[in-house]
Amino acid sequence: MAKKLFIKTYGCQMNVYDSARMADVLAPLGYAKTETPDDADMVIINTCHIREKAAEKVFSELGHWRIRKTEAQARGNDVTIAVAGCVAQAEGEEIHARAPFVDLVVGSQAYHRLPELLARMERQRAAERQRAGTQAAGAQAAGAQAKGQPVIGMGVLDTEFPVESKFDHLPEQVVTPPGPVGFLAIQEGCDKFCTFCVVPYTRGAEYSRPAEAVIAEAGRLIDAGAVELVLLGQNVNAWHGEGPDGVTWSLGRLLRELNDRFAHRHPKLRWRYTTSHPREMDDELIAAHRDVSGLMPFLHLPIQSGSDAVLKAMNRGHRAEDYLRIVEKLRAARPDIALTSDFITGFPGESDRDFEATLRLVRAVGFAQAYSFKYSPRPGTPGSLMPQQVSDAVSTERLHALQALLQEQSAAFNRACVGRSMDVLVERPGRQAGQLLGRSPWMQSVVLNDPTLKIGDFVTVTVTDGHANSLFGELAGASREAA
Ligand code: 5AD
Ligand code: SF4
């Protein structure tokens with residue numbers, strides 16, 4: 001009988017991608033994915049370490065799984081608990097100590113070794129059972145109660161950074177049906193060492209997959225039904241992969257080639273990429289926004305702060321004015337491009353004037369949407385050791401002020417869409433019965449309420465209402481068209 005695999009994913013889209021690939025790796029071992037945790041034989045908690053809150057969630061989630069495991073063991077079954085991702089990478093030993101019932105801890109570079117780790121765990125379990133059996137027999141002989149303690153976690157740990165890339169070892173075929181949106185990791189890791197960030201430590205050095213591997217995987221995703229492809233990487237625009245011609249390609253070139261090769265497969269095939277760094281926004285990539293028909297008019301380009309002093313302390317390697325220049329060039333190339341960003345408030349040393357510079361930059365750019373966070377000192381990063389840490393009260397106050405401004409901007413951006421028609425790809429069920437959620441070219445969520453629609457449809461929608469976080473729309477005339 002197929003074993004059931006439940007995966008709980010935290011954090012970024014790279015983790016979503018990794019979760020799908022872990023399911024692919026385990027499928028040949030008889031594990032089928034389930035969406036209901038209750039009947040899982042194995043759970044993988046794919047974790048995020050970026051901020052302290054994200055990391056702490058893992059331990060509370062593990063508390064629930066400990067109970068499930070004990071209950072299963074009481075019924076003579078077991079639930080294999082695996083912790084994957086960046087918390088596993090960074091805090092493998094701590095997980096071992098704080099949650100000894102965890103069976104497997106697998107770092108973000110070791111997923112391809114999951115079958116081997118599972119086999120090792122099974123061998124340990126068998127040996128443990130045998131030992132428990134021998135002890136029980138001995139105890140029975142002595143007339144004592146023969147109720148052995150349940151076998152709890154075995155703690156197989158793999159958080160090595162291998163010399164070879166995990167991409168060379170992951171299975172080729174895409175087993176997990178991607179739905180209409182396919183995620184494709186083209187780059188991993190980061191060498192930028194922003195002083196607040198754990199990514200360079202948890203994901204390792206920058207690595208770009210060769211263009212041919214990317215093209216082949218894009219083809220498989222499209223074969224499996226994807227009509228929107230999202231190229232992923234922690235520093236995706238730092239991608240510099242070897243082309244089939246032996247020459248190093250930039251991301252701009254890759255997008256052009258991908259679109260040229262696959263545009264005939266679907267009239268509305270879409271491309272996106274995330275997450276980008278301002279330092280890597282070269283002219284070829286900016287030109288791709290002008291020239292590549294399927295590339296969506298959208299860019300997530302984190303800036304973190306609008307103050308040059310803070311940007312310097314963060315080791316970002318660019319100034320506010322460099323960012324503004326990039327925005328200018330992008331808008332010249334693609335006037336309707338929507339920009340989103342990430343911000344941190346309360347980075348060590350941030351003064352009121354520094355924060356005002358951030359508000360000024362936000363006003364100057366006008367973002368379609370943005371994520372903003374309070375600075376969270378992460379152990380092992382230079383930022384956590386800097387003097388002049390900003391108090392929580394001040395960081396919170398600034399965060400609220402920034403979020404109010406950003407909300408205003410996203411509400412204005414969405415309101416400006418009311419009455420307009422746009423192509424929407426229907427992606428998933430909405431929150432309420434009968435609702436479906438789609439995406440506009442500008443990455444807005446579009447709520448649709450139409451019984452004739454199904455996931456995977458591309459439709460032209462007239463926007464009827466615009467809020468800070470979503471649009472509402474209805475089908476524009478007889479425009480319906482199956483994907
Ligand atoms: N504290 C707060 N926010 C952080 N981010 C990354 N590290 C930290 C940290 N230590 C934010 C950045 C990044 C996003 C993914 O998370 O804004 O762009
Ligand atoms: Fe982290 Fe900076 Fe690298 Fe982005 S560029 S992953 S924020 S170190």
Side-chain angles (χ1 to χ4, degrees), residues 9-18 47-57 85-87 89-91 108 185-208 232-240 251 273-281 299-307 310-318 322-323 326 339-350 355 358 361-362 367 369-386 389-392 394-396 398-400 402-403 406:
T9 307
Y10 290 99
C12 63
Q13 280 174 324
M14 185 64 102
N15 269 11
V16 176
Y17 176 84
D18 282 340
T47 60
C48 173
H49 200 241
I50 200 109
R51 286 169 295 276
E52 193 184 356
K53 247 199 208 150
E56 273 309 312
K57 270 196 206 146
C86 295
V87 176
Q89 188 68 50
E91 295 185 16
S108 42
I186 66 168
Q187 181 279 340
E188 182 156 27
C190 180
D191 297 336
K192 303 251 178 340
F193 290 94
C194 298
T195 50
F196 53 82
C197 185
V198 288
V199 167
Y201 311 96
T202 56
R203 290 282 177 164
E206 265 173 37
Y207 168 81
S208 297
L232 297 178
Q234 270 93 23
N235 241 284
V236 73
N237 59 345
W239 181 88
H240 277 96
L251 180 61
Y273 59 95
T274 199
T275 294
S276 296
H277 193 292
R279 258 162 65 192
E280 308 281 356
M281 249 3 261
L299 180 66
H300 180 58
L301 193 62
I303 183 167
Q304 316 297 353
S305 166
S307 148
V310 174
L311 289 169
K312 191 154 195 275
M314 286 176 165
N315 191 33
R316 291 287 293 176
H318 62 83
D322 301 320
Y323 190 90
I326 295 166
L339 296 166
T340 68
S341 199
D342 291 343
F343 295 89
I344 295 176
T345 64
F347 186 77
E350 186 188 64
F355 178 64
T358 299
L361 178 121
V362 171
F367 289 98
Q369 214 232 317
Y371 302 95
S372 44
F373 312 97
K374 252 191 313 189
Y375 172 63
S376 163
R378 308 305 290 131
T381 59
S384 67
L385 304 174
M386 287 180 184
Q389 297 283 326
V390 173
S391 75
D392 189 63
V394 170
S395 301
T396 306
R398 290 179 186 162
L399 183 71
H400 290 161
L402 177 61
Q403 287 180 339
L406 291 165

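Quick note: residue numbers are just sequence positions, from 1. In listed order, ligands and their atoms are each counted from 1.
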Chemist: Verify the distance criterion only: is there a donor paired with an acceptor across the side chains of Q403 and S372 at less than 3.5 Å?
Modeler: yes
Chemist: Between V394 and F355, is there a side-chain heavy-atom distance shorter than 4.5 Å?
Modeler: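 SC-SC contact between F355 and V394 ruled out.
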Chemist: Can you spot which of M314, Q389, E350 makes a side-chain contact (heavy atoms from CB on, under 4.5 Å) with Y375?
Modeler: Q389
Chemist: Are the side chains of Q187 and L251 in touch, meaning some heavy atoms are under 4.5 Å apart?
Modeler: no
Chemist: Atoms of ligand 2 less than 4.0 Å from N235 heavy atoms?
Modeler: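 That gives atoms 3 (Fe), 5 (S) of ligand 2.
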Chemist: Give me the nearest non-hydrogen protein atom to atom 17 (O) of ligand 1 as residue plus atom name, then the distance to 0.1 Å.
Modeler: Q304 OE1, 2.6 Å
Chemist: Short N/O distance, under 3.5 Å, between R378 and ligand 1?
Modeler: no
Chemist: List the closest protein heavy-atom neighbour of atom 14 (C) of ligand 1: residue, atom name, distance to the nearest 0.1 Å.
Modeler: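 The protein heavy atom lying closest is D342 OD2, 3.4 Å.
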Chemist: Please list the nearest protein heavy atom to atom 7 (N) of ligand 1 with its residue and the distance rounded to 0.1 Å.
Modeler: F196 CD1, 3.3 Å
Chemist: Where does the angle between the aromatic ring planes of Y323 and F367 fall among parallel (under 30°), tilted (30 to 60°) and perpendicular (over 60°)?
Modeler: tilted
Chemist: Contact between F193 and Y201 at the side-chain level, heavy atoms closer than 4.5 Å - yes or no?
Modeler: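 A side-chain contact under 4.5 Å exists here.
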Chemist: For K374, counting its heavy atoms only, list the atoms of ligand 1 lying under 4.0 Å from any of them.
Modeler: 1 (N), 2 (C)
Chemist: Looking only at heavy atoms, is any part of T275 under 4.0 Å from ligand 2, and if so is it the side chain, the backbone, or both, or is it neither?
Modeler: neither
Chemist: Could you check if a side-chain atom of R316 sits within less than 4.5 angstrom of a side-chain atom of H277, using non-hydrogen atoms only?
Modeler: yes
Chemist: What residue and heavy atom of the protein are closest to atom 16 (O) of ligand 1, and at what distance?
Modeler: R51 NH1, 2.8 Å
Chemist: Can you pull out the closest protein heavy atom to atom 6 (C) of ligand 1? Residue, atom name and distance to 0.1 Å, please.
Modeler: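 Answer, as residue, atom name and distance: I50 CG1, 3.3 Å.
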Chemist: So which bit of P200 gets within less than 4.0 Å of ligand 2, heavy atoms only: side chain, backbone, both or neither?
Modeler: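 It is the side chain that gets close, since no backbone atom is under 4.0 Å.
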Chemist: Does any non-hydrogen side-chain atom of H49 lie less than 4.5 Å from one of R378?
Modeler: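 Yes, side chains in contact.
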Chemist: Are S276 and L299 side-chain neighbours, meaning at least one heavy-atom pair lies under 4.5 Å?
Modeler: yes
Chemist: For F193, take its heavy atoms, then give the atoms of ligand 2 lying under 4.0 Å from any of them.
Modeler: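 Under 4.0 Å from F193, ligand 2 has these atoms: 8 (S).
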Chemist: Flag yes if more than 12 heavy atoms outside K192 fall under 6.0 Å of its NZ atom; otherwise flag no.
Modeler: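 For K192, atom NZ is crowded (more than 12 foreign heavy atoms under 6.0 Å).
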Chemist: Check whether any N, O or S atom of C194, backbone or side chain, sits closer than 2.8 Å to atom 2 (Fe) of ligand 2.
Modeler: yes
Chemist: Starting from atom 3 (Fe) of ligand 2, which protein heavy atom do you reach first, and at what distance in Å?
Modeler: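 Heavy-atom neighbour on the protein nearest atom 3 (Fe) of ligand 2: C190 SG, 2.2 Å.
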Chemist: List the closest protein heavy-atom neighbour of atom 10 (N) of ligand 1: residue, atom name, distance to the nearest 0.1 Å.
Modeler: S376 O, 2.8 Å
Chemist: Does a side-chain heavy-atom distance below 4.5 Å link Q13 with T275?
Modeler: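 Q13 vs T275: side chains apart.
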Chemist: Any atoms of ligand 2 less than 4.0 Å from a non-hydrogen atom of H277? List them with their elements.
Modeler: 5 (S)
Chemist: Strictly under 2.8 Å, is any N, O or S atom of C197 next to atom 1 (Fe) of ligand 2?
Modeler: yes
Chemist: May I ask you to list the atoms of ligand 2 that are less than 4.0 angstrom from any heavy atom of F196?
Modeler: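 Matching atoms, with element in brackets: 7 (S).
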